[in-house]
There are 2 protein chains.
Amino acid sequence: MGIDAQLNKGVLEGCVLKLLEREFLFSGEIVERMRANGFADFSEGTLYPMLLRLEKEGCFEIKRVPSPNSPPKKYYKLSAAGRKRLEIFTRQWRALAQCIGNLFSGEDGNA
Amino acid sequence: MGIDAQLNKGVLEGCVLKLLEREFLFSGEIVERMRANGFADFSEGTLYPMLLRLEKEGCFEIKRVPSPNSPPKKYYKLSAAGRKRLEIFTRQWRALAQCIGNLFSGEDGNA
DNA sequence: GTCAGTTCCTTGCATAACAATGAACTAAGG
DNA sequence: CCTTAGTTCATTGTTATGCAAGGAACTGAC
(Lines give C-alpha, C1' and ligand atoms only; values in the text may rest on other atoms or scores of the structure.)
Protein backbone atom coordinates (compact mmCIF):
# COMPACT_ATOMS: atom_id res chain seq x y z
CA MET A 1 0.00 0.00 0.00
CA GLY A 2 2.40 2.68 1.08
CA ILE A 3 1.54 6.33 1.21
CA ASP A 4 -1.46 7.52 -0.69
CA ALA A 5 0.04 9.98 -3.11
CA GLN A 6 -3.11 12.00 -3.00
CA LEU A 7 -2.08 12.98 0.48
CA ASN A 8 0.62 15.13 -0.95
CA LYS A 9 -2.04 17.52 -2.10
CA GLY A 10 -4.68 16.98 0.53
CA VAL A 11 -3.00 18.60 3.49
CA LEU A 12 -5.19 21.67 3.47
CA GLU A 13 -8.30 19.53 3.28
CA GLY A 14 -7.17 17.54 6.28
CA CYS A 15 -6.68 20.69 8.32
CA VAL A 16 -10.09 22.08 7.43
CA LEU A 17 -11.67 18.79 8.42
CA LYS A 18 -9.89 19.00 11.73
CA LEU A 19 -11.25 22.49 12.38
CA LEU A 20 -14.78 21.24 11.80
CA GLU A 21 -14.46 18.17 13.95
CA ARG A 22 -16.37 19.51 16.95
CA GLU A 23 -17.57 22.95 16.00
CA PHE A 24 -19.84 24.63 13.49
CA LEU A 25 -17.86 27.22 11.53
CA PHE A 26 -18.66 29.26 8.42
CA SER A 27 -16.24 30.20 5.65
CA GLY A 28 -14.93 33.40 7.18
CA GLU A 29 -14.09 31.68 10.44
CA ILE A 30 -12.40 28.78 8.68
CA VAL A 31 -10.16 31.11 6.71
CA GLU A 32 -9.32 33.01 9.85
CA ARG A 33 -8.38 29.86 11.79
CA MET A 34 -6.29 28.46 8.98
CA ARG A 35 -4.33 31.69 8.72
CA ALA A 36 -3.86 31.87 12.46
CA ASN A 37 -2.45 28.34 12.34
CA GLY A 38 0.33 29.16 9.93
CA PHE A 39 -1.38 28.82 6.56
CA ALA A 40 -1.04 32.52 6.00
CA ASP A 41 -2.02 32.52 2.34
CA PHE A 42 -5.07 30.33 2.69
CA SER A 43 -7.82 31.79 0.52
CA GLU A 44 -11.50 31.47 -0.26
CA GLY A 45 -10.65 30.35 -3.77
CA THR A 46 -9.23 27.25 -2.14
CA LEU A 47 -11.89 26.86 0.49
CA TYR A 48 -15.14 26.99 -1.43
CA PRO A 49 -14.41 24.30 -4.01
CA MET A 50 -13.13 22.14 -1.18
CA LEU A 51 -16.26 22.62 0.91
CA LEU A 52 -18.52 21.83 -2.02
CA ARG A 53 -16.55 18.72 -2.86
CA LEU A 54 -16.74 17.46 0.71
CA GLU A 55 -20.38 18.41 1.02
CA LYS A 56 -21.19 16.31 -2.06
CA GLU A 57 -19.53 13.37 -0.36
CA GLY A 58 -21.68 13.80 2.71
CA CYS A 59 -18.89 14.87 5.03
CA PHE A 60 -20.85 17.67 6.67
CA GLU A 61 -23.74 18.55 8.80
CA ILE A 62 -24.84 21.98 7.58
CA LYS A 63 -26.70 24.79 9.28
CA ARG A 64 -27.86 27.97 7.56
CA VAL A 65 -28.09 30.99 9.80
CA PRO A 66 -29.53 34.38 8.78
CA SER A 67 -27.06 37.22 8.94
CA PRO A 68 -27.76 40.91 9.54
CA ASN A 69 -25.58 42.11 6.71
CA SER A 70 -25.26 39.37 4.13
CA PRO A 71 -26.86 36.25 2.69
CA PRO A 72 -27.43 33.55 5.26
CA LYS A 73 -24.18 32.08 6.59
CA LYS A 74 -23.54 28.44 5.93
CA TYR A 75 -22.11 26.65 8.95
CA TYR A 76 -20.26 23.37 8.57
CA LYS A 77 -19.45 20.58 10.99
CA LEU A 78 -18.30 17.02 10.38
CA SER A 79 -20.80 14.22 9.86
CA ALA A 80 -19.94 10.58 10.57
CA ALA A 81 -18.55 10.32 7.03
CA GLY A 82 -16.51 13.45 7.62
CA ARG A 83 -15.02 12.05 10.82
CA LYS A 84 -14.10 8.90 8.95
CA ARG A 85 -12.36 10.93 6.31
CA LEU A 86 -10.50 12.91 8.94
CA GLU A 87 -9.39 9.69 10.54
CA ILE A 88 -8.02 8.39 7.26
CA PHE A 89 -6.15 11.64 6.72
CA THR A 90 -4.67 11.48 10.19
CA ARG A 91 -3.36 7.98 9.63
CA GLN A 92 -1.92 8.85 6.25
CA TRP A 93 -0.29 11.98 7.55
CA ARG A 94 1.44 10.09 10.35
CA ALA A 95 2.74 7.53 7.87
CA LEU A 96 4.06 10.21 5.57
CA ALA A 97 5.67 12.14 8.39
CA GLN A 98 7.40 8.99 9.55
CA CYS A 99 8.71 8.14 6.07
CA ILE A 100 10.17 11.59 5.68
CA GLY A 101 11.46 11.57 9.21
CA ASN A 102 13.35 8.34 8.50
CA LEU A 103 14.76 9.64 5.27
CA PHE A 104 15.94 12.92 6.67
CA SER A 105 17.27 12.07 10.07
CA GLY A 106 19.93 9.49 9.99
CA GLU A 107 20.44 6.75 7.52
CA ASP A 108 20.02 8.72 4.31
CA GLY A 109 17.55 6.28 2.87
CA ASN A 110 19.68 3.15 2.84
CA ALA A 111 17.72 -0.01 3.45
CA MET B 1 4.67 34.30 4.35
CA GLY B 2 3.34 31.01 5.70
CA ILE B 3 3.66 27.65 4.06
CA ASP B 4 4.43 27.50 0.38
CA ALA B 5 1.40 25.73 -1.02
CA GLN B 6 3.56 24.11 -3.63
CA LEU B 7 4.97 22.01 -0.84
CA ASN B 8 1.76 20.08 -0.64
CA LYS B 9 2.65 18.50 -3.94
CA GLY B 10 6.41 18.50 -3.73
CA VAL B 11 6.97 15.91 -1.04
CA LEU B 12 8.17 13.24 -3.43
CA GLU B 13 10.54 15.68 -5.05
CA GLY B 14 12.03 16.56 -1.70
CA CYS B 15 12.66 12.91 -0.91
CA VAL B 16 14.34 12.26 -4.24
CA LEU B 17 16.56 15.28 -3.71
CA LYS B 18 17.53 13.90 -0.33
CA LEU B 19 18.52 10.55 -1.84
CA LEU B 20 20.81 12.33 -4.28
CA GLU B 21 22.42 14.58 -1.72
CA ARG B 22 25.68 12.67 -1.42
CA GLU B 23 25.51 9.83 -3.89
CA PHE B 24 25.24 9.22 -7.62
CA LEU B 25 22.14 7.09 -8.33
CA PHE B 26 20.34 6.18 -11.54
CA SER B 27 16.61 5.79 -12.01
CA GLY B 28 16.32 2.15 -11.03
CA GLU B 29 18.15 2.73 -7.78
CA ILE B 30 16.08 5.79 -6.95
CA VAL B 31 12.83 3.91 -7.43
CA GLU B 32 14.15 1.08 -5.30
CA ARG B 33 15.19 3.38 -2.45
CA MET B 34 11.93 5.29 -2.49
CA ARG B 35 9.94 2.09 -2.26
CA ALA B 36 12.14 0.77 0.51
CA ASN B 37 11.47 3.97 2.41
CA GLY B 38 7.74 3.57 2.47
CA PHE B 39 6.68 5.09 -0.85
CA ALA B 40 5.61 1.69 -2.08
CA ASP B 41 3.81 2.90 -5.19
CA PHE B 42 6.53 5.23 -6.41
CA SER B 43 6.84 4.79 -10.17
CA GLU B 44 8.98 5.77 -13.12
CA GLY B 45 6.09 7.75 -14.53
CA THR B 46 6.54 10.06 -11.58
CA LEU B 47 10.31 9.97 -11.51
CA TYR B 48 11.33 10.80 -15.06
CA PRO B 49 9.36 14.00 -15.46
CA MET B 50 10.63 15.06 -12.07
CA LEU B 51 14.26 14.38 -12.96
CA LEU B 52 13.98 16.26 -16.24
CA ARG B 53 12.35 19.21 -14.53
CA LEU B 54 15.09 19.39 -11.93
CA GLU B 55 17.81 18.84 -14.50
CA LYS B 56 16.53 21.83 -16.49
CA GLU B 57 16.86 23.92 -13.37
CA GLY B 58 20.45 22.89 -12.91
CA CYS B 59 19.92 20.86 -9.76
CA PHE B 60 22.10 17.94 -10.83
CA GLU B 61 25.55 16.83 -11.64
CA ILE B 62 25.07 14.07 -14.21
CA LYS B 63 27.25 11.13 -15.18
CA ARG B 64 26.50 8.78 -18.07
CA VAL B 65 27.84 5.28 -17.66
CA PRO B 66 27.75 2.53 -20.33
CA SER B 67 25.72 -0.49 -19.37
CA PRO B 68 26.15 -4.07 -20.59
CA ASN B 69 22.49 -4.64 -21.27
CA SER B 70 20.83 -1.31 -21.93
CA PRO B 71 21.37 2.25 -23.06
CA PRO B 72 23.89 4.13 -20.95
CA LYS B 73 22.69 4.70 -17.41
CA LYS B 74 22.20 8.28 -16.32
CA TYR B 75 23.50 8.91 -12.80
CA TYR B 76 22.31 11.92 -10.82
CA LYS B 77 23.71 13.75 -7.83
CA LEU B 78 22.88 17.16 -6.40
CA SER B 79 24.68 20.26 -7.64
CA ALA B 80 24.98 23.39 -5.52
CA ALA B 81 21.61 24.52 -6.86
CA GLY B 82 20.16 21.13 -5.97
CA ARG B 83 21.41 21.36 -2.42
CA LYS B 84 19.86 24.80 -2.13
CA ARG B 85 16.55 23.42 -3.29
CA LEU B 86 16.77 20.57 -0.84
CA GLU B 87 17.49 23.02 1.94
CA ILE B 88 14.40 25.05 1.03
CA PHE B 89 12.28 21.92 1.00
CA THR B 90 13.59 20.88 4.39
CA ARG B 91 12.68 24.23 5.91
CA GLN B 92 9.23 24.20 4.35
CA TRP B 93 8.57 20.66 5.46
CA ARG B 94 9.46 21.44 9.04
CA ALA B 95 7.14 24.44 9.02
CA LEU B 96 4.29 22.40 7.58
CA ALA B 97 4.82 19.56 10.02
CA GLN B 98 4.74 22.01 12.89
CA CYS B 99 1.53 23.68 11.68
CA ILE B 100 -0.21 20.36 11.43
CA GLY B 101 1.26 19.20 14.68
CA ASN B 102 -0.20 22.23 16.42
CA LEU B 103 -3.57 21.76 14.85
CA PHE B 104 -3.85 18.09 15.65
CA SER B 105 -2.38 17.77 19.08
CA GLY B 106 -4.04 19.92 21.64
CA GLU B 107 -5.78 23.19 21.15
CA ASP B 108 -7.86 22.34 18.08
CA GLY B 109 -6.77 25.40 16.22
CA ASN B 110 -8.11 28.08 18.51
CA ALA B 111 -6.04 31.26 18.44
C1' DG C 1 -34.28 51.79 -5.77
C1' DT C 2 -29.63 52.31 -5.52
C1' DC C 3 -25.55 51.60 -2.95
C1' DA C 4 -22.22 49.37 0.17
C1' DG C 5 -20.87 45.47 2.71
C1' DT C 6 -20.61 40.71 3.33
C1' DT C 7 -21.09 35.99 2.08
C1' DC C 8 -21.38 32.48 -1.33
C1' DC C 9 -20.13 30.40 -5.67
C1' DT C 10 -18.02 29.61 -10.54
C1' DT C 11 -14.48 29.66 -14.08
C1' DG C 12 -10.01 29.07 -15.72
C1' DC C 13 -5.12 28.28 -15.34
C1' DA C 14 -0.86 26.04 -13.39
C1' DT C 15 1.35 21.99 -11.90
C1' DA C 16 2.35 17.41 -9.56
C1' DA C 17 1.21 12.46 -9.61
C1' DC C 18 0.74 8.69 -12.39
C1' DA C 19 -0.63 5.29 -16.04
C1' DA C 20 0.46 3.93 -20.48
C1' DT C 21 3.15 3.83 -24.23
C1' DG C 22 7.00 4.10 -27.00
C1' DA C 23 11.99 5.00 -28.31
C1' DA C 24 16.94 3.74 -27.79
C1' DC C 25 20.71 0.92 -26.71
C1' DT C 26 23.06 -3.77 -25.91
C1' DA C 27 23.68 -8.73 -26.26
C1' DA C 28 22.34 -13.22 -27.99
C1' DG C 29 20.50 -16.43 -31.49
C1' DG C 30 19.13 -17.74 -35.80
C1' DC D 1 22.33 -9.22 -40.77
C1' DC D 2 17.90 -9.26 -38.75
C1' DT D 3 15.13 -10.26 -34.94
C1' DT D 4 14.19 -10.86 -30.22
C1' DA D 5 14.65 -9.95 -25.42
C1' DG D 6 16.04 -7.22 -21.58
C1' DT D 7 16.84 -2.85 -19.67
C1' DT D 8 16.93 2.09 -19.40
C1' DC D 9 15.28 6.51 -20.80
C1' DA D 10 11.66 9.55 -22.28
C1' DT D 11 6.86 11.38 -23.78
C1' DT D 12 1.87 11.93 -23.72
C1' DG D 13 -2.46 12.40 -21.61
C1' DT D 14 -5.59 12.24 -17.62
C1' DT D 15 -6.89 13.61 -13.04
C1' DA D 16 -7.08 16.52 -9.05
C1' DT D 17 -5.57 20.21 -5.99
C1' DG D 18 -4.37 25.04 -5.25
C1' DC D 19 -5.56 29.47 -6.22
C1' DA D 20 -6.54 33.96 -8.63
C1' DA D 21 -10.24 36.49 -10.51
C1' DG D 22 -14.60 37.62 -11.09
C1' DG D 23 -19.45 37.33 -10.42
C1' DA D 24 -24.05 36.44 -8.06
C1' DA D 25 -27.09 36.92 -4.03
C1' DC D 26 -28.75 38.71 0.21
C1' DT D 27 -29.19 42.56 3.76
C1' DG D 28 -29.53 47.21 5.66
C1' DA D 29 -28.88 52.29 4.93
C1' DC D 30 -29.86 56.12 2.51
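Chain identifiers are assigned alphabetically (A, B, ...) following the order of the sequence lines, protein sequences preceding nucleic acid strands; residue numbering begins at 1 within each chain. The figures here come from the full heavy-atom set of this structure, side chains too, leaving out hydrogens, waters and symmetry mates.
- Along DNA chain C, the nucleotide nearest A:Leu52 and the nucleotide nearest A:Asn69 are compared for position; the residue whose nucleotide lies closer to the 5' end is A:Asn69.
- Rounded to an integer number of Å, the gap from B:Phe42 CZ to C:dA17 P is 8 Å.
- Candidate nucleotides C:dT10, C:dA19, C:dT7 were compared by shortest atom distance to the side chain of A:Lys73, and C:dT7 ranks first.
- Put simply, the residue from A:Ile30, A:Leu86, A:Val11, A:Leu25 that forms a side-chain contact (heavy atoms from CB on, under 4.5 Å) with A:Val16 is A:Ile30.
- For A:Lys18 and A:Glu21, the salt-bridge test passes: some basic side-chain N is under 4.0 Å from an acidic carboxylate O.
- The CZ-P distance, from A:Arg53 to C:dC9, rounds to 15 Å in whole Å.
- Projected onto DNA chain D by closest heavy-atom contact, B:Gly45 and B:Pro71 fall at different nucleotides, the more 5' of which corresponds to B:Pro71.
- Separating the CD atom of A:Glu29 from the P atom of C:dT6 is a distance of 15 Å, rounded to the nearest angstrom.
- Each of A:Pro72 and A:Lys9 was matched to the nucleotide of DNA chain D holding its nearest heavy atom; the match closer to the 5' end belongs to A:Lys9.
- When every heavy atom of A:Arg85 is checked against every heavy atom of A:Cys59, the shortest pair comes out as CD-SG, 3.7 Å.
- Looking at residues two or more places apart in sequence or on another chain, you find no salt bridge (charged side-chain N to carboxylate O under 4.0 Å, His left out) involving A:Glu44.
- For the atom pair B:Leu20 CG and B:Cys15 SG, the distance stands at 11.5 Å (nearest 0.5 Å).
- Nucleotide C:dA17 holds its P atom 12 Å from the CG atom of A:Asp4, rounded to whole Å.
- In the 5' to 3' direction, nucleotides of DNA chain D lying under 4.0 Å from heavy atoms of chain B begin and end at D:dG6 to D:dC19.
- At whole-Å resolution of the value, CG in B:Leu12 and P in C:dT15 are 18 Å apart.
- Taking CD1 of A:Ile100 as the start and OG1 of B:Thr90 as the end, the distance is 9.5 Å to the nearest 0.5 Å.
- One interatomic measurement links the two molecules: CG of A:Leu51 to P of C:dC8, which rounds to 9 Å at whole-angstrom precision.
- Between the CG atom of A:Leu54 and the P atom of C:dC9 there is a distance of 13 Å, rounded to whole Å.
- Applying the side-chain contact (heavy atoms from CB on, under 4.5 Å) test between B:Phe60 and each of B:Phe24, B:Tyr76, B:Tyr75 identifies B:Tyr76 as the sole match.
- An OP1 or OP2 oxygen of C:dT7 is reached within less than 4.0 angstrom by no side-chain nitrogen or oxygen of A:Ser70.
- Distance, A:Lys56 NZ to C:dC9 P: 11 Å, rounded to whole Å.
- Closest approach to the B:Pro49 side chain among C:dT10, C:dC18, C:dA27 is made by C:dC18 (side chain taken as heavy atoms from C-beta onward).
- Nearest-nucleotide assignment on DNA chain C puts the 5′-proximal partner with A:Ser27, out of B:Val11 and A:Ser27.
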